[in-house]
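All of these numbers come straight from a predicted model, not from anything done at the bench.
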Amino acid sequence: MVGLLKALVYGAGGMAVVGLAALVALQERLVYVPVLPGLGRAYSITPSRLRLVYEDVWLRASDGVRLHSWFLRHSPTCRGPTILFFQENAGNIAHRLECVRLMMQRLQCNVFMLSYRGYGESEGFPSQSGITKDAQAALDHLVQRKDIDTSRIVIFGRSLGGAVGAVLAKNNPDKVSALILENTFTSILDMAGIMLPFLRWFIGGSSSKGPKLLNCVVRSPWSTLDVVAEVKQPILFLSGLQDELVPPSHMKMLYDKAIENNRNCRFVDFPSGMHMDTWISGGDRYWRTIQLFLDQYAPEVQSCDASCASEIADDGNFLPIYLTF
């Protein structure tokens, strides 16, 4: 019996050591996946392929890293809101173009798509501190533009992008009108316990139990649960209840935390929504939900030309959907 207990103790210790080593050495590769398996890093498609009017925008983050992005204009005659779009952790902005095309069509908005450092044509290597700088550079660029309504800048973040967007909104209450989060996690610390169950008692966010002995070695914790509590702008939470990667309970916890200090929060769930297809499976209700939110918190100042709604082509072709977080 004593020998068995020793074996169990040694086994648990060995697993902890292996987990710690993997966490320290490979954590960025687990969190950030700029290149999808079987695909190259280069963009597989550009906005012109979908007949979208756009410009390549090159930025410099505060630490000097050169970043690439796309600014997609709805139409010259329509000064609608501008959505600052933050993608998930895997692939690049080209993989989100079909979603963005539909977003522009349904919401009559401009969209700014940022390639995080290490993604697409951006230089550098991804990290939480670095991507936070990247997001700030994108917002700083937008508020200086003369061809958009800078009072109607709205952040949209899906999954990892929601964590990025929440930090940016918290840090810029006077520059961002509202925040939209879709299928976002409470923290990478909590996700580590889900993806690597044997680490659950050693790592976790503010909502988890256990000693959290390994939290100190995580370089990209993305503690969204703590951040949303400090966001002052209105927040819309879009939750796919069939999310196979981020437990839907994470979105509910984010909402519950945010509404403690921010009454301008809305939570909407979509029964058939999975991690990456909520914008498809949610159908018309998904887009009407966002439109109503924008109408309330980023209202139109001047009416668009009636023709601007038809200037975005609707060819019905969808790009592949990837399972990411």
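Glu98 and Arg101 make their closest contact through OE2-NH2, 2.5 Å (heavy atoms, listed as atom of the first residue, atom of the second, distance). Contact record, Leu179 with Ala166: CD2-CA, 3.9 Å, taken as the closest heavy-atom pair. The nearest pair of heavy atoms linking Gly118 to Pro126 is CA-CD, 4.1 Å. Pairing each heavy atom of Ser151 with each of Ser177, the nearest pair is O-OG, 2.6 Å. Across all non-hydrogen atoms, the minimal contact from Pro271 to Arg285 is CD-NH1, 4.4 Å. Residue Pro247 comes nearest to Ile194 through the heavy atom pair CG-CD1, 3.4 Å, listed as atom of the first residue, atom of the second, then distance.
Taken from CD1 in Ile153 to CZ in Arg145, the straight-line distance is 10.5 Å, to the nearest 0.5 Å. In this structure, CZ on Arg96 lies 8.0 Å from CE on Met113, to the nearest 0.5 angstrom. For the atom pair CZ (Phe156) and CG (Leu238), the distance works out to 6.5 Å, reported to the nearest 0.5 Å. Rounding to the nearest 0.5 angstrom, the gap separating the CG atom in Leu52 from the CD atom in Gln105 is 10.5 Å. Separating the CG atom in Asp140 from the CG atom in Leu59 is a distance of 9.5 Å, to the nearest 0.5 Å. With values rounded to the nearest 0.5 angstrom, Trp58 atom CH2 is found 7.5 Å from Glu123 atom CD.
Distance alone, capped at 3.5 Å, is enough to place a donor-acceptor pair between the Tyr119 side chain and the Asn89 backbone. For the pair Asp243 (side chain) and Pro248 (backbone), a donor-acceptor distance under 3.5 Å is absent. A donor-acceptor distance shorter than 3.5 angstrom exists from the side chain of Tyr32 to the backbone of Gln128, with no hydrogens or angles considered. Remark: side-chain polar atoms of Asn262 are paired, donor with acceptor, to backbone N or O of Val231 under 3.5 angstrom. For the pair Gln233 (side chain) and Ala169 (backbone), a donor-acceptor distance under 3.5 Å is present. In this structure, the side chain of Arg158 does not engage the main chain of Glu182 through any donor-acceptor pair within 3.5 Å. A distance-only check finds a donor-acceptor pair linking the side chain of Asp277 to the backbone of Met274 [under 3.5 Å]. Side-chain atoms of Arg152 come within 3.5 Å of backbone N or O of Arg79 as a donor-acceptor pair. Panel note: side chain Ser122, backbone Ser115; a donor-acceptor pair is recorded below 3.5 Å. Under a 3.5 Å cut-off, the side chain of Asn172 and the backbone N or O of Lys175 do not form any donor-acceptor pair.
Ile45 and Leu72 fall within a single hydrophobic cluster, where Ile, Leu, Val, Met, Phe, Trp and Tyr side chains are chained together by heavy-atom contacts under 4.5 Å. Both Val246 and Phe267 are members of a single hydrophobic cluster when ILVMFWY side chains are connected at heavy-atom separations under 4.5 Å. Put simply, Leu114 and Val143 are part of the same group of oily side chains (I, L, V, M, F, W, Y) that touch within less than 4.5 Å, one to the next. Follow the hydrophobic side-chain contacts under 4.5 Å out from Val268 and you reach Leu107 in the same cluster. Leu241 and Leu181 are not part of a single hydrophobic cluster, where members link through side-chain heavy atoms under 4.5 Å apart.
Within the 4.5 Å cutoff, no side-chain heavy atoms of Pro234 are placed close to those of Leu236. Taking 4.5 Å as the limit, some side-chain heavy atom of Leu160 sits within range of a side-chain heavy atom of Phe185. Looking only at side-chain heavy atoms (C-beta outward), Tyr54 and Thr46 come within less than 4.5 Å of each other. In this structure the side chain of Leu50 never reaches within 4.5 angstrom of the side chain of Val100, judged on heavy atoms. Residues Lys252 and Ser239 are not in side-chain contact: their nearest non-hydrogen atoms beyond the backbone lie 4.5 Å or more apart. At least one side-chain heavy atom of Leu39 sits less than 4.5 Å from a side-chain heavy atom of His95. The side-chain heavy atoms of Gln108 and Glu300, taken from C-beta on, include no pair separated by under 4.5 Å. Counting heavy atoms from C-beta outward, Pro221 and Ser187 have side chains that stay 4.5 Å or more apart.
Between Tyr43 and Trp70, the gap from one ring centroid to the other is short of 6.0 Å.
Under the 30°/60° scheme for interplanar angles, the aromatic rings of Phe71 and Phe112 are found to be tilted.
Put simply, the residue from Thr184, Thr186, Asn183 that forms a side-chain hydrogen bond (donor to acceptor under 3.5 Å, both in side chains) with His250 is Thr186.
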- Message: Would Asn110 and Thr82 count as a side chain to side chain donor-acceptor pair (under 3.5 Å) here? Give the steps.
- Response: CA-CA 5 Å; Asn110 308 308; Thr82 296; 3.3 Å; yes
- Run the numbers on Tyr116 and Val164 for side-chain contact (heavy atoms from CB on, under 4.5 Å), then give the verdict. CA-CA 10 Å; Tyr116 306 138; Val164 177; 4.0 Å; yes
- Query: Ile235 and Cys265: side-chain contact (heavy atoms from CB on, under 4.5 Å), yes or no, with the steps?
  - Reply: CA-CA 5 Å; Ile235 310 175; Cys265 294; 4.2 Å; yes
- Start with the C-alpha gap between Trp287 and Leu102, add the side-chain angles, then the distance that decides, and say whether side-chain contact (heavy atoms from CB on, under 4.5 Å) holds. CA-CA 9 Å; Trp287 296 109; Leu102 191 56; 3.5 Å; yes
- Tell me, with the steps shown, if Gln291 and Asp295 meet side chain to side chain donor-acceptor pair (under 3.5 Å). CA-CA 6 Å; Gln291 184 63 70; Asp295 289 345; 2.8 Å; yes
- Item | Derivation and outcome, side-chain contact (heavy atoms from CB on, under 4.5 Å), residues Trp222 and Val167 | CA-CA 9 Å; Trp222 290 112; Val167 172; 4.1 Å; yes
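Under a 4.0 Å N-O distance rule, the pair Asp284/Arg106 qualifies as a salt bridge.
Sorted by first and then second residue, the pairs that involve residues 56-70 and meet salt bridge (Lys or Arg N to Asp or Glu O under 4.0 Å), not counting sequence neighbours, are Asp63-Arg117.
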